[in-house]
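Here's the structure we're looking at; comments come further down.
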Amino acid sequence: MRIDQVALLPTYVAAATAVLALLADLVVPGRRGAVAGVTALGMLGTIATAITVGQGLDDGGRRTAFCLGPDQCSLVFDPATAIVAGVFAALALGALALSVPLLRTGEVPAGEYCFLLACSMTGAVVLGGARDLITLVVALETLTLPLYLLVGLRRGNRAGGAAAVTFFVVSVVSTAVALLGAALVFTATGGVHFADIAGAQVAPAAEPLLKVGVILLLTGLAFKVAAVPAHAWAPATYDGAPLPVAAYLSTASKLGGVVALLLVGVSAARPVLGTSGLTLAVLAVLSMTVGNLVALRQRRMVRLLAWSSVAQAGYLLAPLGALLAAGGRTGPAVELLVAATVAYAFFYVVLEFSAFGALVAVRGAGDGGEVADYRGLARRSPWLTAVLVISLTGLAGLPPGLAGLFAKVAVVRSLLGGDAVWLAVVVALNAVIGLAYYVRAAATFFGAPPEGPALEGAALEGAALEGATPEGAATDGASPELVKPRVSWPVAVAVAVAAVVAVLVGFAPELIMRAAGTFS
Amino acid sequence: MHPVLPFTIAALLFGIGVYGVVVRRNAVLLLMAVELMLNAVNLIFVTADATIRAAVPHAGQSFTLFVIVLAAAEVGVGLALILQLYRLRRSVVVDELELDEEVSA
Amino acid sequence: MTTGQTLLLATLLLPAIGALAAAGLPARLDRAGRVTGTVFAAATFGVTLLFRPPDAAPATDARIAPWTELDLPWAPALSLRFHLGIDGISYPLVVLTALLTMLCCAYCLWRVPEPGRGRLLVALLLVLQVGIQGVFLSLDLVLFFVFFEVVLLPMYAVIAVWGGPDRRRAARKFVLYTLFGSVLLLVGVFVVVSASGTGDLVALGDPAVRPMTAGMQLLAFVLLAVAFAVKSPLWPLHTWLPAAHTEAPTVGSVILAGVLLKMGTYGLLRVAVGVAPDGAARSAPVLAILATAAIIAGGLICLAQTELKRLIAYSSVGHMGFVLLGIATLTATGLQAALIGNIAHGIVTGLLFFIAGGIKDRLHTGELDRLGGLRETAPALSGVLAYAAIASLGLPGLAGFWGEAFAVVAAFERGGPLWITLGVLAAVGAALAAAYFLRLLRRVTHGPATSAVAGLGAHARLGPGELVAWSPLVVLTLALGILPPLVLSYSADPVAALAEVFGR
Amino acid sequence: MTTADVLIGALGAVALGSGLLVVTTRHVVRAGLWLVVALGAIAGLYLVLTAELVAWVQVLLYVGAVVVLLLFAVMLTRAPIGASDDLDRVRWPGLLVGAGSGAGLAALLIDAFRWTRTDLPEPGTAERLGAALFRTWVLPFELISVLLLAALVGAIVVSRPDIGARRRG
Amino acid sequence: MTVDPLGAALPAIPLALGLAGLLLRGDRRVPAAVLGVGGATAALGVAIAAAARGPHGPDSGHVIAEFGRLAVTFGTWLDGPAGLVAVAVAVVALCVQVYSVAYLHDDDRYAPYAAQVSLFTGAMLLVVASGDLIVMLVGWEVMGICSYLLIGHDRRLPEAPRAAVKAFLVTRVGDVGFLLGIVLLGVRAGSFRIADVFAADLSAGTVTAACLLLLAGVAGKSAQFPLHTWLPDAMAGPTPISALIHAATMVAAGVYVVARLFPLFERSAPALVVLALMASVTMLLGALSALGQDDIKRVLAWSTVSQLGYMTGALAVGAPAAALFHLLTHAAFKALLFLAAGAVIHAVGTNLMASMGGLRERMPATFWTMTAALAALAGVPVFAGFWSKDAIVEAAWHATTGDGHGPLPRGVAAVVLVSACLTVAVTAAYVVRLWRRTFGGEPRSAEARAAHEPPWAMRGPLLVLAVPTVLLGFAGLAVGFSDRLVGGGWGDAEGAMPLRAATPVAHLTWLALVPLALLVAGGWLAWRRDPAAPLPDTATTRLFANAFYLDAVQDALVTRPVAALARAGRRADERLVDGAVDGVGSGARGAGGLLARVHAAALPRATTAVLGGAVVIAAVVAIVVGVA
């Protein structure tokens, strides 16, 4: 069997990045900047190769590797794969940039940190092209396993340690469930390649095995997107982890989960789309409702974002839930739904990342802190506030940032295209609950700092641009960790890029919609 | 050979593992229970391999091998994390890992 | 690009640029910022006045025949086109929006509510203008929805920052409740789009386009109608309104009552009725009954109100009831009545809220018990108040009359016991309006001056900002009362085209 | 009933019994030992099912490495050698979920296969399986090496506090 | 598309000047007076021109608004009655404007007052001249609001605002009916032009319904039972305003509109029956209430109610000519009465007759003019009132005997006749009482002793109005005048009133003796009593003084229930409707708290959730998609 090495290039580069990071750490010990720089270069290289290889594809064409038959491939490199790989690498790069303040503190060993991040990226890069269960599982684990360590890497940090164990335990348990599902699917169809599973003539006796297998597989994978019921780890882990890692978890790791769910729930489960549709619908409804309701009551910033991301997972899965409706299983409808899911994922990733990025810019190496700590932020750093507001309102699905709005539009549109009106209504109503806490958080930025009750109500950018009291009083009145932070340039760049992209795709949603169209 | 036997065994074993995961308080014991679950899965793979006509020869057994290696890696990392936790709080009782804080009424 | 298209773009771009300019200026140039904003608002108003209907009505069997349109692709994958257009139904509303925004900005030149930073307030007003005019101008369902959403957060900010003591709660209620409305709009829009394959209002109005099944139409209409009912607001979905109005700053109330609510009625007329006529025909009685209930309920509640702005807010509920009743009749008469009622309410209630703001600014209270004898100390103020109140209670010869009277006429035109009864009840509601407005006048202007009023002194006279902002509205109120063609002449043809669908 | 069936039944009984003890015993250390028994029995099952290589890997990797690791962990976490009563929390949820999953799964598989009989295929010897691995499963194999490297490095860096501390400053 | 210039100018001039006047500051007396008096003069000029030109058919009008098929046209129809009534209105308005200059000499809100009077006049003239129902409604309502503003003008009287609100609301309640009636006619006839409505063939049901609805409005404006309660309270307004309202504008409008639309009423017996009963009750009720008052202006107010009863009675018995005739004479002598009473009050400084008396020597001009007016009111021969009232009684007699116009059943006509005759007696009684209590005997207060004639600005109008008060009656003897009153002067223009006055409206027959006898009787009864003595406090007098307690009834049946309903509505809106909304909010919050508490637990709960969730979802989905 011939192996198209070109298809593997991005994977090689990614893996090489990991190794380079380790070597660099050995060669120039103590030079954090160097290590990070090398890793960053590697990641950039990954992006570049992904794009170039993607460009190299003649339209509609694809490169394959490790094939037994025409469709029995472990790896397929098509435009979608290229896009996913590029996005993953970009997110890893962004996370790295956000990590700079953390690395500066020396709380974490730079070399290992970069290495683990690169490993995770490698897994993610492969994930996009995986076309059989084994590769899928291994890739997912390669994506996830380094994250346990990244979460708990900070020395002597109790929260970090606890968070790491929580993450790990829930992860292995749900992995076990997913593997059980895989085993049942294999038992029923005798195939591990998606093509085989999708094309297998399943004996009526084995039909239930296949269905239950798919259900368990999806439920197990739901852990990756932190969907109810496999969601409880997210708040604890996000809050315990360093902010950059939390950012990576809530973007890259989630995106990985989405890709996996798409591959399994749609590509592989063709014969039993109804089953996977219903499963995903249940997961979606539970996730968005529970996530939004609990988020209403959060006091800590990161936990708020964590719960909101649980809800977002619900919106992510909602379009696939429409597969349960007969109207959603027709060819074009399925493409519509898949495209909507991917589009929402991209919109979400951009907004979520810029939100976390802004947090890092505000808090430096510290943790997210209480929501109340952000009062008066607008007065101190208007630009960061603007980014946060755009991201949060975007996640809520409202202007000024049109990205979030179009994300919701895409989801609802696909749902109605798939005859799942009720699901669309559930999504819509959840959006209302969601706005309640996003807007509350956004409003606190404009509130006066806790020590300045005299400024109660003095709000909005104005507060930032001039301040109702002399500037001195304002900063004195501020809670200490909010004294205007000196944002290190990588963070600044990362946030700026993310914000720009968020605004850009708001005005040109077609970019994302076209990218999403390449899937399935 | 009647495949139903090993299959049933695997099913029950999985159930036992699940029980263990739910009731055990000690992180290490919890991990052991997880191993039981994974072994149940492996058993299913192997039995299936021996029972049905797979599209790719020995796919089930290969899968099993990968799962075993994965499990090993996971255990390694997991134990490291558990030990770190122990260093930090002198306890490996998972009941002490709070998921979420009590909210203000 | 034709002149018309340039005008369309300018109508949306000018305020947007103005907003950026005003907000961009540093704090020490606050006044300059306000001036800039006002200039842009005035420019926009000027632009809107340049729209002219074509000399010859274009020969088309589509229900919507825009005077001029601009149709650019935006996001086909979301079935979203940047399709703007203006016709006789939207034109008066666009002008009204531009006018009120301009007046509010001008008002802010002299009076900036606490906590200051007027230029940002002006900027937000301009953003609101973009959203509202966008709603009136868009001929694409998805675009319509986008603009509909644009309005939410700026208004939230206006209330939550420059509002009264309980502003946060009011603002939250406003934004959540109206968002509830607009998410239903989102669903409704895509029910239509996925059912009929296009989001283009002109195409949807074209008999040639594959019409939706009756069931789909009903579903679509109900979703859309609820969405717009929240915005209008239609009893019993109105309770966000009083809170928002009571807490909002003067200019906020003016925009809110003057044009924001109109998005609901306009949407109902242009979108809900326009794209799902059968659904509309089937649910018209329900709509009419609710509208009449709103008229009566609004009147009764106003009779028992003790706070100035709250009372005016509830009177809006009643007036919008008349507008919705007019729409619900689905007759040319009713639709015309609804349109002119819309405009009249915008002008008169805008004026009322200006005055209420003026009173609250002076006396720092809106409680009727603490007011009284205003005509002794502030004859001009109380005079304008009386004028506005009288106009609002639908006195013939002033703007308010036509919409209300001819809503009743339309109901009688429909005939049948139900519609006749509704017409009678609506007329009774008009009498209630007289009752509560006279009660208001008696409490506020007549009688002996209360301590607060007596201590008014030099504040009693009208400030320059008030003179500038109020006089156009005063004039328009009378003009529209004497010359209804100011609105009706534009809307006659499109309304006739729309009513044709219902054979009326 | 073939000999295979008998063997399977016997080994299965052992596996289940010891597995049950793993999750119920009140001695932490014994739990580890019973786990060895269970895994060994399962290795036996693999052999009966003609998965030779898998069986050996099971013995080597699991019994040889994993369990040892686990036992080390037990020691390092100062687990009491004797019996301790606070190992479990309330049992009913575990019983419910465990029984539910086990029974449900069993029912599913039994219903799928009934009392069908199949002949054992040719054994999955090392060369056969190796061939499959290195022809078909090269990509996951490469990838898992990255995974193992990550696990190795990570485990070391996490469990050795001095790493990185050296770099501080 | 032509509009009769005279018809347009008639209301337009005073309205325009009135609006202009509103812009003046309150204390700019001179320009305000110029605008006010000028407006009235101009109106009078136009009115005279129109009357001189003779009846003029309806013009096609100018369309001012199109609602679907229905169009609103500004058109005029200056037929005979319109011209005459317009003149009367203008005369009274002019007198009032002039009189007010002096009467409000120290009022710093004179300017708006004068402007509002102009608007009031213009509105009335609009009603008179309009050839379109909607436009007529405009004038009708504007009049209402002007009455509200003017009655509430006086700041010294605490009851003024209340009276003003009452006046507007009571009439507005009636106007609901009026509006609905117009709408019904317009919708069924497809046009609001009066001529078109006449021409359209409307079903009897429609006509009856419309007429009854219109009657509601008429009852409100023309203070007919049961909507008459606002009129006496309206005395709180300045006296000239009372003159304006009672003589020429407000109250006249109702009667005039019925006369204008008589071709419709004629077709509907039920409507006329209702009108007749309304009239009978009103005239007697008003007279008896007048008998019980001590406030001079209230006596006059109740007398107006009663006289309006005569007019509507005349309409009911199918004699619009008589009604309009009485409308004109009444305009003259009632205006005079009020202005004279104003002079008296101006001099004595009180409304109460108890502290008057003996003014005969002190203010002779006022005495003589008022005497003439009172005589006219009572219907003493040769005075104007005698002729018009006689015409009405006669018409009622004809209707009773069955040779009258109109479809009114004879029985009902008899009721009108009887009540009219009785009212004559009662009227004589209270007129004599008022006359003697005010001018006769000795002064009963220091002010009365110091009273003197008013300034010329006030005395002039008295003398001017005295002329028609005495002479206008004889006009009724002229056939041409009578023809104009019934509107038929000019051949068969479209929608011309079918009536013809072959004979003059007023002519003496033996019938006149009956009222005369009653007149004398009533007068003699009142004469016997000592003018100085107040009324004995008996149940009857209390009943009269409180106007049969109808205010209390109205309060109990309408005002309080509505207020209670309003409070209930507000409570319901806040507790139920808004409560539900807030409930949803707090409910979501509560649910969030609940769920959050569920998650406030240790790690095992997460694993349990994963495993349990997997089992449950698998089971549920499997069952739903049907695995087995």
Side-chain angles (χ1 to χ4, degrees), chain A residues 68-69 72 132-134 137-138 141 145-146 148-149 151-152 156-158 160-169 171-173 175-177 179-184 186-193 195-197 199-200 203 206 232-236 239 294 296-300 303 306-307, chain B residues 3 7 10-11 14 17-18 21-22 27 30-31 33-38 40-49 51-56 59-60 62-67 69-71 73-75 77-78 80-82 84-89 92 94 96-101 103-105:
Chain A
L68 304 174
Q72 283 180 304
D132 69 67
L133 280 173
I134 295 181
V137 170
V138 174
E141 284 313 303
L145 183 134
Y148 311 150
L149 299 154
V151 170
N157 181 314
R158 293 172 62 104
V165 174
T166 311
F167 184 28
F168 165 76
V169 169
S171 171
V172 286
V173 171
T175 309
V177 173
L179 284 171
L180 177 63
L184 292 183
F186 174 71
T187 316
T189 61
V192 280
H193 291 91
D196 297 340
I197 299 172
W233 59 275
D239 200 20
V294 180
L296 284 174
R297 306 300 293 268
Q298 295 306 311
R299 286 196 308 277
R300 290 182 63 77
R303 283 183 185 271
W307 279 110
Chain B
F7 277 131
F14 194 86
V18 169
V21 170
V22 175
L30 192 155
L31 217 49
V34 174
E35 296 306 324
L36 285 181
M37 290 166 72
L38 291 174
V41 172
N42 287 344
L43 189 50
I44 294 179
F45 269 122
V46 173
T47 318
D49 214 16
T51 310
I52 57 162
R53 183 105 306 289
V56 182
S62 321
F63 213 138
T64 314
L65 287 177
F66 280 101
V67 172
V69 178
L70 280 181
E74 299 250 0
V75 168
V77 172
L81 291 172
I82 291 172
Q84 185 197 28
L85 184 71
Y86 182 75
R87 275 202 308 279
L88 290 170
R89 14 171 104 185
V92 291
V94 287
E96 293 167 8
L97 302 178
E98 284 303 322
L99 286 174
D100 213 345
E101 60 209 351
V103 294
S104 60

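Naming: A, B, ... by sequence-line order, numbering from 1 per chain. Below, all heavy atoms of this structure are taken into account, side chains as well, without hydrogens, waters or symmetry copies.
Contact detail for A:V173 and B:M37: the closest heavy-atom pair is O-CE, 4.5 Å. Closest non-hydrogen pair, B:I44 versus A:A183, comes out as CG2-CB, 3.8 Å. Taking all atoms of both residues into account, the shortest heavy-atom contact from B:Q84 to A:G152 is NE2-O, 3.0 Å. B:L88 and A:G156 get closest at one heavy-atom pair: CD2-CA, 3.6 Å. Residues B:A55 and A:G191 come closest through the heavy atom pair CB-CA, 4.5 Å. Closest non-hydrogen pair, B:G60 versus A:F186, comes out as N-CZ, 3.5 Å.
Interface residue A:V169: only side-chain heavy atoms are found under 4.5 Å from chain B. Of the two parts of B:L81, the backbone and the side chain both hold a non-hydrogen atom closer than 4.5 Å to a non-hydrogen atom of chain A. Both the backbone and the side chain of A:R158 come within less than 4.5 Å of a heavy atom of chain B. Both the backbone and the side chain of A:A182 come within contact range of chain B, with heavy atoms under 4.5 Å apart. For B:E96, no part lies near chain A; criterion is any non-hydrogen pair under 4.5 Å.
Rounded to the nearest 0.5 Å, atoms CG (B:L99) and CG (A:D239) are 12.0 Å apart. In this structure, OG1 in A:T187 is found 10.0 Å from CG in B:D49, a value given to the nearest 0.5 Å. The distance from atom CZ of A:F168 to atom CG of B:L31, rounded to the nearest 0.5 Å, is 4.5 Å. In this structure, B:F66 CZ and A:L179 CG are separated by 13.0 Å, a value rounded to the nearest 0.5 Å. If you take CG on A:L180 and CZ on B:F14, they are separated by 4.5 Å, rounding to the nearest 0.5 Å.
Taking B:A73, B:A71, B:A54 one by one and counting their heavy-atom pairs under 4.5 Å with chain A, the maximum is reached by B:A54.
Using modelled atom types, no side-chain atom of B:E74 and backbone atom of A:V172 make a donor-acceptor pair closer than 3.5 Å.
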